[in-house]
Protein chains: 2
Amino acid sequence: MPPDTKDKIVYAAMMLFAQKGYGSTSVADILHAAGVNAGSLYYFFPGKQDVLLAVLDAYLRGIHPMLLEPAWKGVADPIERVFALLAQYRRALESTECTYGCPIGSIALELHEPDPAVRQLLASNFVGWLNAIEQCFIEAGDRLPADVDRRALAVFALTTMEGGVMISRTDRTLHAFDDAVRMLRDYVNRLQHAGR
Amino acid sequence: MPPDTKDKIVYAAMMLFAQKGYGSTSVADILHAAGVNAGSLYYFFPGKQDVLLAVLDAYLRGIHPMLLEPAWKGVADPIERVFALLAQYRRALESTECTYGCPIGSIALELHEPDPAVRQLLASNFVGWLNAIEQCFIEAGDRLPADVDRRALAVFALTTMEGGVMISRTDRTLHAFDDAVRMLRDYVNRLQHAGR
DNA sequence: GTCTATAACCCGATAGAC
DNA sequence: GTCTATCGGGTTATAGAC
């Protein structure tokens, strides 16, 4: 079963949006990368923005199979899973000379007045990520103090990753990403040792 | 002394880049907002990107007078200064319905393959911010454990702010920003009480 | 230094045959 | 479903008078 045209368009757009951003990717770029003609794209999608919606939906459905499962392979401890996920983002930065970060975050900051449907899907992607990490901290149980807000801790992990990617991408160095993750690790360690 | 044409262009571009981003702001937008004609802009600047360079340079020179001094007015304690600065970003989000965040961060993620001069100025802006916050943590002296890396802590504060802005802008709610800053505050509190 | 007009180009989207 | 050709409009930047 060869990949159908629609999937080829979405996949090509996903790669291009991650590499160059949404605004800097032209429909012609997508057509060329997908090996498809304009008529086909506009047969499946009303316009460029609807391609973005399909891409964001693909990211959303891919959170578990494409993001979390690879990162968590062989890692059972819930707290280690949080840092295993961050380590996967580090590898993405490392293997692209600090060029490739989190595509959701990039698009979220690129679009200043996004269409409501786009903004909704961006938010859903963050929520999916946060739910998974919150669950890790919940599963950590009494290794963390009871009064520590698991959801807020998940948000903190996300800001650490996104902020670290932003600064590392800007100075083309992993220092900032590593500094931020190291501080988060120290914080979580101190929480684990609190009250013992 | 009326503001000269060049300054009007840079100021108008600064506002527009912050509101709509660099790519979505046309030269015509800048001309209209500045009340200036195309010939004037291209007399002072070789092109649009050079206007961006001037804007980033203005942000860099404005870090102390425009950003830090207002945030730190009446705040002497170095650690409180860190959170006073974060509170100022919160007010910017709040007063714009979570639309306006950090313009440097937005541009940093919008431009995927920035001109070296642009990337250099973005990095310098981050460095200026980090130097100031690092200095706060240094001035905190022995209120923080000696083995805590002051620079890394400053990076952590920056990722908290930038990541918090990103997520709050996306879901148009201050929850994420507040969660992240609350966690950072808890971490700093625990550091202050460590070893006592 | 400032103005108007316009060149030269690229964009997203469409039309209509097949 | 797919193809080619093209429309209409917005873009950055320039030319040349003043």
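Here is how names work: the chains are called A, B, and so on, in the same order as the sequence lines, proteins then strands, and each is numbered from 1.
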- Query: Would you find more than 12 non-hydrogen atoms of other residues, nucleotides or ligands less than 6.0 Å from B:E80 atom CD?
  - Reply: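 Atom CD in B:E80 is crowded, with more than 12 foreign heavy atoms closer than 6.0 Å.
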
- Pairwise ring-ring contact (aromatic ring centres under 6.0 Å, His included) hits with a residue in residues 149-175 of chain B, at least two apart: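 For residues 149-175 of chain B: A:F156-B:F156, B:F156-B:Y187.
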
- Applying ring-ring contact (aromatic ring centres under 6.0 Å, His included), which residue pairs with at least one partner in residues 13-47 of chain B are found, sequence neighbours left out? B:F17-B:Y22

Kindly say whether [Y] contributes a backbone atom to a donor-acceptor pair with the side chain of [X] at under 3.5 angstrom?
X: B:R90; Y: B:D178; answer: no
X: B:D50; Y: B:G47; answer: yes
X: B:S168; Y: B:F177; answer: yes

All pairs passing salt bridge (charged side-chain N to carboxylate O under 4.0 Å, His left out) where [range] contributes a residue, at least two apart:
range: residues 160-177 of chain A; value: none
range: residues 118-142 of chain A; value: A:E134-A:R151
range: residues 32-41 of chain A; value: none

- By a strict heavy-atom criterion of less than 4.0 Å, which residues belonging to residues 8-20 of chain A are in contact with DNA chain D?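 Listed by number, there are none.
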
- Query: Taking DNA chain D as the partner, which of residues 22-36 of chain A come within under 4.0 angstrom of it by heavy atom?
  - Reply: none

- Task: On DNA chain D, reading 5' to 3', which nucleotide is the first and which the last to sit with an atom under 4.0 Å from a heavy atom of chain A, could you check?
- Result: D:dG1 to D:dT4

- Message: Heavy atoms within less than 4.0 Å of DNA chain C: which residues of residues 110-119 of chain A have one? Give them sorted by number.
- Response: none

- Message: If you take any heavy atom closer than 4.0 Å to DNA chain C, which residues from residues 46-59 of chain A end up in contact?
- Response: A:G47, A:K48

- Mind checking whether B:W129 and B:N125 have side chains closer than 4.5 Å, heavy atoms only? no

- Less than 4.5 Å apart, any side-chain heavy atom of B:L144 and any of B:R150? yes

- Inspect the contact between A:D186 and A:R182 and indicate whether a charged nitrogen and a carboxylate oxygen are less than 4.0 angstrom apart. no

- Distance only, no hydrogens: is a donor on one side chain within 3.5 Å (strictly under) of an acceptor on the other, for A:S40 and A:N37?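 Result is no, nothing qualifies.
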
N/O donor-acceptor pairs under 3.5 Å from side chains in residues 58-69 of chain B, not counting sequence neighbours:
{"residue": "B:R61", "atom": "NE", "partner": "B:D57", "partner atom": "OD2", "Å": "2.9"}
{"residue": "B:R61", "atom": "NH2", "partner": "B:D57", "partner atom": "OD2", "Å": "3.4"}

- Task: Go through the structure and list residues passing side chain to side chain contact (heavy atoms under 4.5 Å, CB included) with B:M15, not counting sequence neighbours.
- Result: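 Expected list: B:Y11, B:Q19.
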
